[in-house]
Amino acid sequence: MDPYTAAAPPTDEWEMEIDAIESPPPPPLLKEPPKIRRLDESVVNRIAAGEVIQRPVSAIKELVENSLDANSTSINVVVKDGGLKLIQVSDDGHGIRYEDLPILCERHTTSKLSTFEDLQSIKSMGFRGEALASMTYVAHVTVTTITKGQLHGYRVSYRDGIMENEPKACAAVKGTQIMVENLFYNMAARRKTLQNSADDYTKIVDLLSRFSIHHTNLSFSCRKHGAARADVHTVATSSSLDAIRSVYGVSVARNLMKVEASDDDPSSSIFEMNGFISNASYSAKKITMVLYINDRLVECSALKRAIEVVYAATLPKASKPFIYMTIMLPPEHVDVNVHPTKREVSLLNQEIIVGKIQSAVESKLRKSNETRTFQEQTMELLSSSPLVTRKDSHSSPSLPVSTGSRSQKVPVQKMVRTDSSDPAGRLHSYLDAKPLGEQESRNSLTAVSRSSVRQRRNNPTEAADLTSIQLLIREIDSNSHCGLLDIVRDCTYVGMADDVYALLQHNTRLYLANVVNLSKELMYQQVLRRFAHFNGIQLSDPTPLQELIILALREEDLDPDSNENDDLKKKIAEMNTDLLKQKAEMLDECFCIHIDQDGNLGRLPVILDQYTPDMDRVPEFVLCLGNDVDWEEEKSCFQAVSAALGNFYAMHPPLLPNPSGDGLQFYQKSKPAGNPSDRESEHNSITHGFSFKSMNFEGNDKEMGDDIDEELLSEAKSAWAQREWSIQHVLFPAMRLFLKPPASMATNGTFVQVASLEKLYKIFERC
Ligand code: ADP
Ligand code: MG
C-alpha cells in the first residue's frame, strides 16, 4: 500500500473540515496584503555584500585568497584605521587582463569556475565571483594591475560593480594591487559598530599569521599605513615550523610536536592529516587552531571541540592548545560551498575523520605529558629544601595531607638510614659524622638532597640506544591487555584494603589490585619512556657501593648478625663495585644513576614526580645491579637495569610494620614472648634497621616496661600515611596516564574482581 495514502487522514474528515471552513463567511480584510516588489538591484547587492564582507578582515581574506589564486610569491597588506579607511593588498601574481577589467567587479564573474560540476574538483580559493563585486557595493575599490609582457599597467576604480571610468594606463610593478577605501561608507550602523571595536587590526594580523605558516613558499607582510615596521613579516622558508617560530614566537615553536594520521579505507574515510600540536608544557588561555582542509583556511567546530576535549582530559592543568593542522581529502569529499565566505566546509565521513584525528592527538599528548612532568619537577626540586635532619622530621613529622597539596618536606621514610658506628652494618651516617647519643646514633639519617637537578645532556649514545629502548617500549605496547587498560584508565581509587591490595571501582565492578605489582610495572615502563631524560635525586653524600653490597649480602644470610663468610662478601662486593664503576658512564647517561670514580653512589633518577623511593632498599638495588644484569647485550641490559629500578621504586609496604592493627605490638618497648628475629622475617626479608632496634629495646626491657615507643610509632605512622598518599596521589594518577598493564596481570593475581555492584544490590534486596 502506498504509504502516503495510508498516512493521509480519512476523506470524511477532510470534507468536514472544508465544510467547517466554508460555512462562516470570510472576515472582511482590514488591510490590503502588502504588494510584493522586485528589489532594486543595488539594494540586493548591498545586502549580499554585507554578508560576504562582514568586517575589514573578511575583505582582506578575500583579497589575499585572490592573490594566492593568482600564483603570487609575495603578498603585502597595508591597513589604515583598522581597515575602515584603507585596505591595500599588493601581489606579484599573474595580473588581470585588460579586456576583463570592465566585468571584473560585476557579481558572479570569475575566471575560476565555469560549470557547477567544476566545484567538485575546485582547487582555487575563490569560485563565487562575489568578493570584488561585494567590496564595490560597500566601499570604493581601485585596481592597478599588469600582466606579463605588458609595458604598462592599468588603473581603474569601481563602484556598485561597475567601472567608474575607462582604465588608465599607468606604471606598475608585476602583479595586482587592490585598494579598498572607506569600507561600509554606505552602511552607517555597521561602520559605527566597527569603529567602536578596536580589535580588527588584531584580527587582520592573526589572519596573515595563519596564511603565512601554511604558505611557506610565499612571503607575507602586514603593516599599518605609515608604519615603518611590519607586524607580520615572513619570507619564504623551508618549513612550517620555521614559519611558526617567526610568526608565533620561539616559545610556541619550542613546545610543538608533530602529529600525523591517515586513513585510506574507502569504506570508512580517506584522508591524510599532518600538523603540529602543542605539548603539555605549552600554556595559553585561548585555543589557537589553524586548520587547512585541502589548502583552504577553514574552521571546523566539531574537530576543534574534539581536540579541546582531549587537552582538557589529558593535562592536569587545563591549558588551551596551539594547533596547526592540514587535512587533505579527495576534493569530491569536501563541500566547500556551505558558507558564503567559505569559512566552514563540510566533509564526507566527518565523524570518523574527527575521531581518528582525536585519537592521534590524544596518544601524542599522553606521551608528551611525561615531558611536562619532567620539566615541572625541575622547578619543584629547586624550590624544595635540600636537607631535613632527623630532629626536624621528628619535631614536626611531615605527614602528608590528603588534600593534594604538595608536601615540600622530605618525609621520614624517604631518608637514608645510616649508622657509621653500627657493627652490624647500617648505611653510613654521611650527614651526621659524629655519634649523636644513643637514640640518634641508632638511626641517624642522611636526608636525601633533592636540590640537584640534572638537565638533559646531549647523549652521544642516544641514537644507538634508541632501537633497543624502542623495541622494549613496543613490547610493552603490544603486550598490553585491553580490558585491564580500560580498568586502569577509568578506575576510581577507593582505598587500601590491606598492606598490598587497593580497592578500586571500575564502572559497576570492584577490584582488588596489588599496588606493589602495579607500581613495579609502572616504574619499569616509565624508566624506559624517560630513558636518558631523567631528573636526578642527589644523595646528600655519596654512599660507597661496596658497603651497600655487603649490607645487602648480609640481608640475604639466614642469620644477619653472623660474621661468617665476611671475607667472601667483601670480595663479592669489591668485584661488583669494580664492575659497576666500569659501567658508570652508561648508568649515568642512560639512567641518571651516578657512581663516582671512588665507587660511591651519588645520584638516582626521578621516575615519577613527587616520589622518592624507600632508601632502605638501596642495598638490595645495588646488589641486583651487580648480580642480575647482563651487560653484554644492549637490550637485555637496559631491560634488567629498568627492572631493577622498577623493583627499587615500587611502592612496597614500609619496612616498619603497619602500626594500625596487629603491627602495633611491634612498637611496644617490652616485646611479647617469642623470638624477635622470627617476627622480623615474618614482616619482611630486609628489616636490617629494625632488628637492631628491637634488640636494643630488649636490653632495656626491665626499666621501660610495656610502653609504646612513641618515636618509632610516629615514624611508622608517617611512613604508612605517606605511602598511602603516594598511592592515591602519585601512583593512581600516573597509572591512569601511563600504565600499559601487561596481559600477565590478568591472571597473576594483580587484579582480582571482588564484586559487581549489580550482584551486591541483588543481595541487599533479598535482605
Ligand atoms: P573569485 O575569486 O571567486 O573568482 P573574486 O570577485 O574574488 O571572485 O575575483 C574575481 C576575479 O578577478 C577572479 O576570478 C580573478 O580572475 C580576478 N582577480 C581578482 N583578484 C585578482 C588578483 N589579485 N590577481 C589576479 N586576478 C585577480
Ligand atoms: Mg576571490
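Atoms considered below: every heavy atom in the structure, side chains included; atoms not considered: hydrogens, waters and symmetry mates. Counting convention: from 1, in listed order, for ligands and their atoms alike. What you are looking at is a predicted structure, and each value in this text was computed from that prediction instead of being measured. Count residues from 1 along the sequence.
Nearest-residue assignment for atom 23 (N) of ligand 1 (options Asp69, Asp100, Asp91, Leu101; heavy-atom criterion): Asp91. When Ala133, Gly129, Gly175 are checked for heavy-atom proximity to atom 8 (O) of ligand 1, Gly129 turns out nearest. In this structure, of Ser67, Cys105, Ser111, Ser124, the residue bringing a heavy atom nearest to atom 16 (O) of ligand 1 is Ser111.
Residue contacts with ligand 1 for Glu62 are absent, since no atom lies close enough (heavy atoms, distance under 4.0 Å). Contact annotation: for Thr176 versus ligand 1, heavy atoms closer than 4.0 Å belong to the side chain alone. At a heavy-atom cutoff of 4.0 Å, ligand 1 is contacted by the side chain of Ala70 but not by its backbone.
Looking only at atom types and distance, the side chain of Asp231 has a donor-acceptor partner in the side chain of Tyr201 under 3.5 Å away. Inspection of the Ser219 and Thr234 side chains reveals no N or O donor paired with an N or O acceptor under 3.5 Å. One side chain, Ser221 or Asn76, offers a donor N or O that lies under 3.5 Å from an acceptor on the other. A side-chain donor-acceptor contact under 3.5 Å links Asp92 and Thr73.
Taking 2.8 Å as the criterion, Asn66 counts as a coordinating residue of the Mg ion (ligand 2), since one of its N, O or S atoms falls below it.
Relative ring orientation between Tyr248 and Phe322 is described as perpendicular, the plane-to-plane angle rising above 60° on a 0-90° scale split at 30° and 60°. Taking the six-membered ring where the residue is Trp, His215 and Phe211 present tilted rings, their angle falling between 30° and 60°.
Under a 4.0 Å criterion applied to the non-hydrogen atoms of Ala131, ligand 1 contributes the atoms 6 (O), 7 (O). Set against the non-hydrogen atoms of His94, the atoms of ligand 1 under 4.0 Å away are 25 (C), 26 (N). Interface atoms of ligand 1 facing Thr109, defined by a heavy-atom separation under 4.0 Å, are 10 (C). When each atom of ligand 1 is checked for a heavy atom of Leu104 under 4.0 Å away, the hits are 12 (O), 17 (C). Taking every non-hydrogen atom of Gly95 and a distance limit under 4.0 Å, the qualifying atoms of ligand 1 come out as 25 (C), 26 (N).
For ligand 1, the polar-atom distance check finds no N/O of Ile96 at less than 3.5 Å from any of the ligand's N/O atoms.
Nearest heavy-atom pair, Ile75 versus Ser67, reported as atom, atom and distance to 0.1 Å: CD1-CB, 3.7 Å. Taking both residues in full, the closest heavy atoms of Pro56 and Leu194 are given as CD-CD1, 3.9 Å, listed atom of the first, atom of the second, then distance.
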Does Lys61 form a side-chain hydrogen bond (donor to acceptor under 3.5 Å, both in side chains) with Asn66? I'd like the steps, not just the answer. CA-CA 9 Å; Lys61 180 166 188 267; Asn66 279 347; over 6 Å; no
